[in-house]
Each structure stands twice: as C-alpha cells, then as structure tokens.
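One structure is given below, encoded as structure tokens.
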Amino acid sequence: MHILVTGGTGYIGSHTCVELLASGYRVTVIDNLSNSKQEALHRVSEITGCELDFVRTDLRDRAVLEALFRDRDFDAVVHFAGLKAVGESTQIPLEYYENNIGGTLTLCKAMTEARVKKIVFSSSATVYGDPASVPIREDFPICPTNPYGRSKRFIEEILQDLYRSDGAWNIVLLRYFNPVGAHRSGRIGEDPDGIPNNLLPFIAQVAIGKLPRLRVFGDDYATPDGTGVRDYIHVTDLARGHLKALEKLATDPGVVTYNLGTGRGYSVLEMVRAFEQTSGRSIPFEIVGRRLGDIAICYADPTLARTELDWTTDFGIEEMIRDTWRWQSRNPEGYE
Ligand code: NAD
Ligand code: WQD
C-alpha cells in the first residue's frame with residue numbers, strides 16, 4: 001500500500017510516518033516546510049531503517065499535485081497539511097481559510113482525477129467549541145469559536161458533500177484532542193517556532209531554562225483545582241490511530257468520524273506537578289487571567305474509536321511527559 005502523507009514533516013505527520021513505515025506501508029510525503037524541517041524525515045528513516053519519498057510543494061500547487069497523482073500509484077491519502085495556531089487564525093483568518101480549505105480542495109480535485117478516493121483527515125476537538133457536557137461524543141453539536149476551528153468544520157462538511165456526490169469515496173474524519181509527547185527514541189518531536197502556544201511544549205521550555213516561568217491562564221474555572229482540564233494524548237497513540245483509520249477505509253465505510261483522545265482529563269496544575277516529578281526540574285509558574293477563547297474542560301468519549309476502529313491508547317501521562325522531556329532535553333534547539 002502506497003500512502004501520500006500531506007504535512008508529513010510536521011509533528012503528528014512525522015510520527016505517523018514512523019508507524020506507517022514500521023508496518024510496511026510505502027510512504028510519500030508532501031510538505032511546503034512552512035512549519036517544519038526536512039530533518040524530521042531523515043530521523044524518521046533513521047528510526048525505522050526505511051526510506052520514504054519527499055516532495056517539497058505547497059498543497060495548493062495544482063500542477064504539481066496532478067503530476068504527482070499521475071506518476072505515482074497512491075492507494076490512500078493521510079491529510080495533515082494545514083495551519084493550526086488558534087490565536088494566529090483570528091489575526092489572519094483569510095490565510096487560514098485559503099491554506100486549509102484551498103489546500104484540501106486542490107488535493108481532493110487531484111484525487112478525484114486520479115480516482116484515489118480514500119482519505120483520512122486531521123480534524124480537531126476544537127470543532128466542538130465549548131461543550132455542554134463531558135465526555136464529548138462525536139454526535140455532540142459542532143460550533144467552533146475561531147477561524148482555525150471553522151476551517152476544520154468546513155473541511156469536514158466539504159468532505160461529506162464529496163461523499164454525497166460520489167459514493168465511491170471513503171473518508172475518515174479524526175478529531176484529535178491534545179496531542180503531546182514524542183517518539184520514545186527522543187529523535188523526533190514537536191518543534192514549535194518561537195514561543196510555544198501549547199501547554200506542554202511551554203512547560204518543557206521552562207524546564208530546560210529557555211523560558212523563565214509558566215503563566216497559568218486562570219485558576220477560577222469550575223474544575224477541581226480551578227485550572228483548565230484537557231485530554232492529552234501521546235502522539236504515538238495518535239499516530240497508530242491513523243493506521244486503524246486506513247484499515248477502516250478498506251471496509252468501504254463511507255464517511256465516518258472518530259474522537260482520538262484518552263477519555264481522561266488533566267488540569268494545568270496536575271500537568272505541572274507531573275512534569276516536575278518526571279524531569280526532576282522545578283517549573284516556576286504564576287497564575288494570570290484567563291486566555292481569551294479558552295474553555296474550562298474538554299475530554300473525549302473515545303468509545304466509538306475503540307469499538308469501530310479497535311483502537312485504544314497504550315500510553316499514560318507519565319510516558320507523555322517522559323517522552324516530551326527526553327525530546328526537549330536531547331534537542332534543546334529542536335531540529336536546528
Ligand atoms: P504541524 O504544523 O507540525 O504540521 C503541519 C504540516 O503541514 C507542517 O509540516 C507544514 O509545513 C505543512 N503545511 C501547512 N500548510 C501547507 C500547505 N499549504 N502545503 C503543504 N504543506 C503545508 O502540525 P501538527 O501538530 O502536526 O498538526 C497536523 C494536523 O493535525 C493539522 O491539520 C492540525 O490542524 C491538526 N491538529 C493538530 C492538533 C495539535 O494540537 N497539534 C490538534 C488537532 C488537530
Ligand atoms: C491547554 C491548557 C490553557 C498554555 C489547542 C487548540 C486546539 C488543539 C490543541 C489544534 C488550557 C492552559 C496553556 C500556557 C496555560 N489544536 N495553558 N498556559 O487550548 O486545549 O487546545 O491545542 O487543533 O484547537 O485550541 O491547548 O495546550 O494551548 O492549553 O495555562 O502557556 O493549558 O489555558 O487550559 P488547548 P493548550
């Protein structure tokens with residue numbers, strides 16, 4: 001099986017390439033390197049002992065995409081490529097819509113022409129907005145609260161329309177909760193540009209001494225310790241979910257949607273304490289005001305993925321933090 005992985009040099013994409021290659025898939029990655037380094041793929045090959053093809057291109061370059069699908073015999077696409085920073089999406093919404101939706105349209109047109117009609121798409125728990133209750137099931141209302149989240153919602157709907165227009169398509173929409181951690185080798189991991197937005201990369205940079213202290217965004221939420229609760233999931237568990245999704249595509253499911261989360265939430269302060277224990281470093285923090293757009297609590301009901309994909313998570317919070325710390329301490333400058 002030959003898989004095209006869009007955005008495959010990125011954080012989740014590179015970890016998924018490891019699992020694909022280790023399971024015997026042939027892999028071609030396309031990426032414009034707008035938020036990643038090609039070095040990640042050299043390390044993927046080093047970890048797996050397998051080669052993969054890389055084509056540097058923007059997903060919106062229709063000529064390149066059409067040529068790629070003409071020249072190669074892809075069986076399915078795993079589609080990660082996209083911009084993902086919530087705050088930035090409120091500043092430059094048109095870039096987000098153009099990149100995320102425009103890229104997906106070009107990809108789907110090229111796939112249609114080449115009659116490759118199997119796709120796994122990276123959606124996000126952010127499509128649920130502020131849920132009325134937890135755990136969150138796939139049939140909960142969809143109401144994203146920012147342009148990034150709306151780009152995911154629109155793409156989900158576009159893919160559903162595509163299936164309605166042509167039942168030969170098979171589409172798996174995966175809604176990730178909060179991906180963290182790194183490959184256990186410590187060779188690949190998350191390499192954010194500049195100051196991280198997300199909690200765990202920020203804590204890791206405090207632990208290594210690159211940032212002075214964590215700012216905890218609010219301790220007055222209706223949660224046990226007042227800080228925000230999230231469903232953190234190890235990136236390797238998440239990556240394995242994509243292999244299960246590819247197996248599902250082979251059963252002709254039409255359009256199916258799955259939450260990929262652990263079903264367990266941790267607060268910001270629980271994450272700080274757990275990181276201190278695992279790393280042996282202290283994490284200074286101060287409580288500041290809430291971050292605009294944040295919600296109190298968000299965790300998945302992963303039952304559907306367990307029953308229909310036969311997917312469960314192997315790693316808990318200790319492994320997530322252990323592997324984040326191994327990656328951060330061995331690669332203080334990321335891939336540089
Ligand atoms: P990432 O930024 O590390 O990876 C995305 C990759 O896509 C990058 O390598 C980037 O260079 C590439 N890319 C972006 N636009 C492109 C374009 N037009 N053409 C070609 N390549 C392009 O992000 P990630 O964390 O690995 O996320 C992967 C996917 O999962 C994204 O779609 C993201 O929205 C989604 N997602 C991520 C999270 C998260 O917290 N990391 C949570 C839910 C969903
Ligand atoms: C986690 C918790 C913060 C940073 C985001 C996107 C979501 C998805 C995953 C793509 C919250 C708190 C954080 C800090 C803090 N991405 N925090 N200080 O906001 O749940 O989700 O990433 O799809 O769409 O919105 O993740 O890691 O930013 O925050 O106190 O410096 O940590 O308030 O409670 P979030 P996060």
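Each ligand, and each atom within it, is numbered from 1 in the order the structure gives.
- With a 4.0 Å cut-off on non-hydrogen atoms, Ser123 touches ligand 1 through its backbone and not its side chain.
- Side-chain rings of Tyr299 and Phe177 stay apart, their centers remaining 6.0 Å or farther from each other.
- Taking every non-hydrogen atom of Tyr148 and a distance limit under 4.0 Å, the qualifying atoms of ligand 2 come out as 10 (C), 23 (O), 24 (O).
- The protein heavy-atom contact nearest to atom 11 (C) of ligand 2 is Arg230 NH2, 3.6 Å.
- Taking the six-membered ring for Trp and thresholds of 30 and 60 degrees, Phe154 and Tyr97 have ring planes inclined between 30 and 60 degrees apart.
- The N/O atoms of Val216, backbone and side chain alike, include none that comes under 3.5 Å of an N/O atom in ligand 2.
- Here is the list of ligand 1 atoms found below 4.0 Å of a heavy atom in Pro179: 38 (C), 39 (C), 40 (O), 41 (N), 42 (C).
- Relative ring orientation between Tyr335 and Trp327 is described as tilted, the plane-to-plane angle lying within the 30° to 60° band.
- The closest side-chain donor-acceptor pair between His15 and Thr236, if any, does not fall under 3.5 angstrom.
- Of the listed options Asn146, Val272, Asp294, Thr126, Asp294 places a heavy atom closest to atom 33 (O) of ligand 2.
- The six-membered or imidazole ring of His242 lies near that of Phe80, with a centre-to-centre distance under 6.0 Å.
- With a 4.0 Å cut-off on non-hydrogen atoms, Leu199 touches ligand 2 through its backbone as well as its side chain.
- Residue contacts with ligand 1: Ala81 is placed with no nitrogen or oxygen under 3.5 Å of a nitrogen or oxygen of the ligand (distance criterion only).
- When only interatomic distances are considered, the shortest N/O to N/O separation between Ser124 and ligand 1 does not fall below 3.5 Å.
- Residue contacts with ligand 2, taken as heavy atom pairs separated by less than 4.0 Å, involve Val268 solely via side-chain atoms from C-beta onward.
- Geometrically, ligand 1 and Lys152 share a nitrogen or oxygen pair separated by less than 3.5 Å.
- Proximity of Leu65 to Ile30: side-chain heavy atoms (C-beta onward) are separated by under 4.5 Å at one or more points.
- Side chain of Asn100 to backbone of Gly82: no donor-acceptor contact under 3.5 angstrom is found.
- Residue, atom and distance of the protein heavy atom nearest to atom 2 (O) of ligand 1 are Asn35 ND2, 2.7 Å.
- Close approach to Val86 involves these atoms of ligand 2, each under 4.0 Å from a residue heavy atom: 6 (C), 24 (O), 25 (O).
- Asn198 and Arg230 share no donor-acceptor pair across their side chains, judged by distance under 3.5 Å alone.
- Heavy-atom proximity to atom 1 (C) of ligand 2, evaluated over Tyr221, Tyr266, Phe285, Tyr232, is greatest for Tyr232.
- Those atoms of ligand 2 that come under 4.0 Å of a heavy atom in Asn197, given as number and element, are 4 (C), 28 (O).
- The proximity of Tyr176 to ligand 2, defined as any non-hydrogen pair under 4.0 Å, does not occur for either the backbone or the side chain.
- Here the OG1-CZ distance, from Thr28 to Arg72, works out to 4.5 Å after rounding to the nearest 0.5 Å.
- When non-hydrogen atoms are compared, ligand 1 lies under 4.0 Å from neither the backbone nor the side chain of Asn198.
- Residue Leu214 touches ligand 2 through its side chain alone, judged by heavy-atom distances below 4.0 Å.
- Some N or O of Asn99 is nearer than 3.5 Å to an N or O of ligand 1, by distance alone.
- At a cut-off of 3.5 Å, with distance as the only test, a side-chain donor of Thr104 or His79 sits close to an acceptor on the other residue.
- The shortest N or O to N or O distance between Ile30 and ligand 1 is not below 3.5 Å.
- Within a 6.0 Å sphere centred on CZ of Arg137, other residues, nucleotides and ligands contribute 12 heavy atoms or fewer.
- In this model, a donor atom of one side chain and an acceptor atom of the other lie less than 3.5 Å apart for Asn259 and Tyr128.
- When the shell of 6.0 Å around CD of Glu46 is examined, it contains more than 12 heavy atoms from other residues, nucleotides or ligands.
- For the residues Asn198, Val180, Ile297, Leu211, the heavy atom positioned nearest atom 5 (C) of ligand 2 is part of Asn198.
- Within ligand 1, the atoms closer than 4.0 Å to a non-hydrogen atom of Leu33 are 11 (O), numbered from 1 in the order shown.
- With atom 15 (C) of ligand 2 as the reference point, the heavy atom nearest to it among Phe217, Phe177, Tyr128 is part of Phe217.
- Remark: ligand 1 and Phe80 share an N or O pair separated by less than 3.5 Å (distance only, no angle test).
- Of all the heavy atoms of Arg215, the ones lying under 4.0 Å from any atom of ligand 2 belong exclusively to the backbone.
- No hydrogens or angles considered: nothing links the side chains of Thr262 and Tyr232 as a donor-acceptor pair under 3.5 Å.
- Residue contacts with ligand 2: Asn178 is placed with a nitrogen or oxygen under 3.5 Å of a nitrogen or oxygen of the ligand (distance criterion only).
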